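Predicted model only: the values in this text are computed from it and were never measured.
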2 protein chains.
Amino acid sequence: MVQTENQTVVPANDEAISLGRLNDFTGFWLRRSINVMATDFGEAMQGTGMRPTLVSIMAVIDANPGLNQGQLGRALSIQRANMVSLVGGLMDRGLVERRDVPGDKRAFALHLTPDGEAMLAECFRRVEAHEEKMLAEISSGEKARLIELLQRICAEG
Amino acid sequence: MVQTENQTVVPANDEAISLGRLNDFTGFWLRRSINVMATDFGEAMQGTGMRPTLVSIMAVIDANPGLNQGQLGRALSIQRANMVSLVGGLMDRGLVERRDVPGDKRAFALHLTPDGEAMLAECFRRVEAHEEKMLAEISSGEKARLIELLQRICAEG
DNA sequence: TATTGTTATACTCTATAACTATA
DNA sequence: TATAGTTATAGAGTATAACAATA
């Protein structure tokens with residue numbers, strides 16, 4: 001072993017497998033949490049065809065009607081190149097529309113369609129139920145502090 | 001808008017873009033944190049050819065020498081099918097070895113090689129520096145609570 | 001019948017480089 | 001020259017189905 005562990009290291013003849021040093025790595029638990037969350041998110045969204053990234057895109061368009069894809073991408077840390085097919089898919093489904101910008105022929109002003117508004121409202125309802133389920137053992141005060149800690153990590157990027 | 005927001009919604013003529021309801025979604029901040037962490041992790045591991053998943057695999061082999069791929073996959077929530085190329089790559093690099101299991105001709109007993117031990121020790125050093133950097137604004141007590149909260153989320157999966 | 005390891009495949013998310021048309 | 005949108009491509013991570021060998 002790389003380093004003597006204080007933690008119980010169970011012989012590997014069973015399903016009692018130790019995670020070793022991973023126990024103390026925040027990044028490991030972040031990845032694991034996201035994995036668990038993503039699985040339930042997918043189930044919660046069944047039938048909508050919506051994924052986490054698509055919901056976040058529609059949420060930001062809803063909160064900032066008329067913004068363009070570049071602004072949208074920067075707000076969500078999504079590369080412009082990747083925004084194309086993401087927004088394009090939402091347009092093909094009639095959930096988002098691109099309008100011309102009077103002063104700038106390069107950019108499009110993004111808006112949700114009425115169908116998009118309805119879809120986003122439905123997604124929000126499902127995401128709320130999903131979050132309540134995943135955070136069943138976490139109080140609302142703890143959730144607020146959890147988010148605040150995560151935001152501090154994001155601020156390092 | 002789907003729902004009246006109390007938060008400031010800035011007109012989209014600038015880079016002051018509101019995240020709207022996303023602000024209150026734990027899953028959104030988890031994904032965002034992981035994204036920021038992954039970028040720095042990659043920089044921290046430069047030259048090693050190691051990625052988060054590979055480090056976690058080697059860490060668990062190190063903590064449970066002789067376990068097989070199925071146990072390893074279950075411990076890390078990695079599908080058996082995906083373990084093949086992951087462990088295979090580490091074998092090709094001489095960091096992991098598969099030994100025959102006396103009582104079971106189906107399974108392999110996984111061990112780190114001396115090179116693997118050295119690589120893992122180096123990875124642990126780099127991961128620790130990486131975590132210290134990313135959690136610079138988070139105290140050790142807060143980090144412990146953060147991990148504990150994340151573990152509670154994982155327990156829902 | 002169940003399990004180990006495996007192959008093949010596909011989808012999501014992310015990343016980079018290079019192009020066009022406008023500004 | 002800088003920016004908005006685009007195309008093409010690649011890599012990492014995850015997921016499922018199906019197979020052979022063994023238990």
Side-chain angles (χ1 to χ4, degrees), chain A residues 12 14-15 27-28 30-43 45-46 49-57 66-89 91 96 98-110 157, chain B residues 12-15 27-28 30-43 45 49-57 66-74 76-91 96 98-110 157:
Chain A
D14 205 288
E15 287 299 324
F28 172 75
L30 279 173
R31 289 203 309 127
R32 187 165 264 230
S33 304
I34 269 299
N35 192 4
V36 170
M37 294 275 290
T39 299
D40 187 74
F41 188 97
E43 293 169 7
M45 291 298 155
Q46 224 159 30
M50 297 294 285
R51 296 164 280 137
T53 309
L54 296 178
V55 173
S56 70
I57 285 172
L67 89 172
N68 64 40
Q69 289 185 194
Q71 295 171 311
L72 178 56
R74 283 189 291 275
L76 288 170
S77 298
I78 297 175
Q79 310 292 323
R80 281 192 315 284
N82 295 327
M83 290 292 334
V84 179
S85 64
L86 292 168
V87 172
M91 283 220 1
V96 166
R98 294 194 243 237
R99 300 185 194 158
D100 289 342
V101 175
D104 191 335
K105 285 187 179 176
R106 298 171 304 177
F108 298 114
L110 299 174
Chain B
N13 54 357
D14 205 290
E15 287 300 324
F28 172 76
L30 279 172
R31 291 203 307 128
R32 188 165 263 231
S33 303
I34 268 299
N35 193 5
V36 170
M37 295 274 291
T39 299
D40 187 75
F41 189 95
E43 292 169 7
M45 292 297 156
M50 296 294 285
R51 296 165 281 138
T53 309
L54 296 178
V55 173
S56 70
I57 286 172
L67 88 172
N68 65 39
Q69 287 185 195
Q71 294 171 312
L72 178 55
R74 283 189 292 275
L76 287 170
S77 298
I78 298 173
Q79 310 291 322
R80 282 192 314 284
N82 295 326
M83 290 293 332
V84 179
S85 64
L86 292 168
V87 172
L90 293 172
M91 285 221 0
V96 165
R98 292 194 244 235
R99 299 185 195 159
D100 289 343
V101 175
D104 192 336
K105 286 187 179 176
R106 297 172 304 178
F108 298 113
L110 299 175

Nearest-Å distance, [atom1] ([X]) to [atom2] ([N])?
X      : N      : atom1 : atom2 : answer
A:I78  : D:dG5  : CD1   : P     : 14 Å
A:L86  : D:dT6  : CG    : C1'   : 13 Å
B:Q79  : D:dA17 : CD    : C1'   : 12 Å
B:R99  : C:dT4  : CZ    : C1'   : 19 Å
B:N35  : D:dA12 : CG    : P     : 16 Å
A:L110 : D:dT6  : CG    : P     : 9 Å
A:R32  : D:dG13 : CZ    : P     : 15 Å
A:R98  : D:dA4  : CZ    : C1'   : 11 Å

- Query: Of the nucleotides C:dT7, D:dG13, C:dC13, which has the atom closest to the A:R31 side chain?
  - Reply: D:dG13
When only distance counts, do a donor and an acceptor, one from the side chain of [X] and one from the base of [N], lie under 3.5 Å apart?
X      : N      : answer
A:R106 : D:dT3  : yes
B:R80  : C:dT4  : no
B:N82  : D:dA15 : yes

- Closest nucleotide of DNA chain C for A:A81 versus for B:A107: which of these residues is on the 5' side?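 Looking at DNA chain C, the more 5' nearest nucleotide goes with B:A107.
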- Query: Does the side chain of A:T39 get closer than 4.0 angstrom to OP1 or OP2 of D:dA15 through an N or O atom?
  - Reply: yes
- Item | D:dT3 phosphate, OP1 or OP2, under 4.0 Å from A:R74 side-chain N/O |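 Indeed not, no polar side-chain atom of A:R74 lies that close.
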- Hey, is the main chain of A:G73 close enough, under 3.5 Å, to the side chain of A:S77 for a donor-acceptor pair? no
